[in-house]
**Student:** 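Here it is, the structure, as structure tokens.
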Amino acid sequence: MRDFRDAKAMARTLRQALAAKGLKLSNSEALELVAKMLGARDWNTLASAIQAAETPSGVASAPPTSAPPERPSRSRQFFSPNLEATLHRAVASANRRKHQYATVEHLLLGLLDDADAAAVLEACAVEAGVLRSALTSYVDDELTSLVWEGGDPVPTAGFHRVVQRAVIHVQSSGRNAVTGANLLVAIFSERESRACAFLEQQKLSRYDAVNFIAHGVRKDGGKAA
């Protein structure tokens, strides 16, 4: 019999069952529905519970520290100054709200004030004010279950995956600095996150972001200076 740890499989089954009846449901929507069906406030809350349950010690596997992920060990690889500030800003955002975890949504909220990420959003015709409003409402109103008095927030596994993907991409492209723009692109791989859904609601695609970062091509077809 399935339990809450099978939530992803349950979401797939739900999508398939609804699709058979002609009803389309996105992956993130299915996950949110399953989370509520299982009594959780939202998918982030349920995902944290699953992560804790699957760790032998019963403790979440994310490092027990409020500090953002450490910079890569390779001497030629580093985080840009803007990104260093952004990572701390994201964790501080969770800390101000007394959230137990710093999620991908906290990270995206921090990226809105990152110069490199903001340049991509502007070039891709994203309404930053609308995106900020949607993210702030979600973090303030939908993540209340993360509020606790136990100490500093811990970056979630999703938060760490976004940073790691950005680092791997930069290393493979032969560049030295990881920027907020790279993290913005990496968020698209977190398909189950609301952060990814919010970007897609703004009609931003991974292709548009990469096309601007790599070639300076704006979404309207113009070239960056």
Side-chain angles (χ1 to χ4, degrees), residues 4-8 11 27-32 34-36 38-72 79 83-112 114 117 134-169 178 180 182-200:
F4 72 97
R5 289 168 294 187
D6 301 309
K8 291 184 179 181
N27 190 44
S28 61
E29 289 171 334
L31 288 168
E32 291 290 342
V34 168
K36 292 184 183 298
L38 292 172
R41 179 59 183 270
D42 51 42
W43 171 248
N44 276 334
T45 303
L46 182 59
S48 296
I50 294 171
Q51 180 181 348
E54 291 179 345
T55 303
S57 64
V59 179
S61 60
T65 173
S66 62
E70 294 182 0
R71 64 174 60 190
F79 290 170
L83 182 53
E84 292 271 7
T86 293
L87 293 173
H88 285 285
R89 186 165 54 246
V91 175
S93 175
N95 194 31
R96 283 196 306 273
R97 295 171 169 86
K98 298 185 184 302
H99 286 172
Q100 182 177 7
Y101 297 104
T103 68
V104 181
E105 289 72 36
H106 291 103
L107 179 56
L108 180 55
L109 194 56
L111 284 169
L112 295 182
D114 182 284
L135 272 169
T136 302
S137 295
Y138 176 78
V139 170
D140 287 340
D141 301 335
E142 301 298 327
L143 298 185
T144 54
S145 58
L146 297 185
V147 174
W148 77 327
E149 300 294 338
D152 295 331
V154 176
T156 62
F159 190 116
H160 282 276
R161 284 195 299 269
V162 169
V163 176
Q164 289 165 358
R165 288 192 191 100
V167 170
I168 291 171
H169 173 74
V178 183
N182 302 127
L183 259 66
L184 187 66
V185 171
I187 287 176
F188 282 99
S189 295
E190 289 296 307
R191 302 296 304 171
E192 299 158 3
S193 71
R194 290 296 296 160
C196 181
F198 284 133
L199 291 176
E200 291 177 340

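For clarity, every value in this text was computed on a predicted model and none was experimentally measured. Side chains are part of it too, since the values below use all heavy atoms of this structure and drop only hydrogens, waters and symmetry mates.
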**Student:** Roughly how far, to the nearest 0.5 Å, is NE2 of His99 from OG1 of Thr144?
**Tutor:**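 So the OG1 of Thr144 and the NE2 of His99 are separated by 7.0 Å.
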**Student:** Phe79 versus Thr86: any side-chain heavy-atom pair under 4.5 Å?
**Tutor:**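 They are not in contact (no side-chain heavy atoms under 4.5 Å apart), so the answer is no.
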**Student:** CG of Asn182 to CG of Leu83: how many Å apart, nearest 0.5 Å?
**Tutor:**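 Spacing of CG (Asn182) from CG (Leu83) equals 8.0 Å.
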**Student:** At their closest point, which heavy atom of Pro155 faces which heavy atom of Val91, and how far apart are they?
**Tutor:**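 Closest heavy-atom pair between Pro155 and Val91: CG-CG2, 4.5 Å.
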**Student:** Would you say the side chain of Phe159 lies within less than 4.5 Å of the side chain of Leu87, judging by non-hydrogen atoms?
**Tutor:**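 SC-SC contact between Leu87 and Phe159 confirmed.
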**Student:** Below 4.0 angstrom, N of the basic side chain to O of the carboxylate: do Glu142 and Arg194 qualify?
**Tutor:**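 Arg194 and Glu142: not salt-bridged.
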**Student:** How far does CZ of Arg165 sit from CD1 of Ile187, to the nearest 0.5 angstrom?
**Tutor:**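 CD1 of Ile187 is found 10.5 Å from CZ of Arg165.
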**Student:** Once you round to the nearest 0.5 Å, how far does OH of Tyr138 lie from CG of Leu109?
**Tutor:**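 Between atom OH of Tyr138 and atom CG of Leu109 there are 12.5 Å.
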**Student:** Looking at OG of Ser28 and CD of Glu190, how far apart are the two atoms once the value is rounded to the nearest 0.5 Å?
**Tutor:**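 Spacing of OG (Ser28) from CD (Glu190) equals 12.5 Å.
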**Student:** Please give me the minimum heavy-atom distance between Ala7 and Trp43, naming the atom from each residue.
**Tutor:**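 So the minimum-distance heavy-atom pair works out to CB-CZ3, 3.8 Å.
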**Student:** What distance do Leu135 atom CG and Leu199 atom CG have between them, rounded to the nearest 0.5 Å?
**Tutor:**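 Between Leu135 CG and Leu199 CG, I get 7.5 Å after rounding to 0.5 Å.
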**Student:** Could you report the tightest heavy-atom contact between Ala166 and Val178, atom names first, then the distance?
**Tutor:**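 Nearest pair, atom of Ala166 first, then Val178: CB-CG1, 4.0 Å.
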**Student:** Let me know which of His106, Arg97, Gln100 forms a side chain to side chain contact (heavy atoms under 4.5 Å, CB included) with Leu143.
**Tutor:**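 Single pass found, and it is His106.
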**Student:** Using the side chain to side chain contact (heavy atoms under 4.5 Å, CB included) rule, pick out the option among Val162, Asp114, Leu112, Leu108 that qualifies with Leu184.
**Tutor:**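 The side chain to side chain contact (heavy atoms under 4.5 Å, CB included) with Leu184 is passed solely by Leu108 among Val162, Asp114, Leu112, Leu108.
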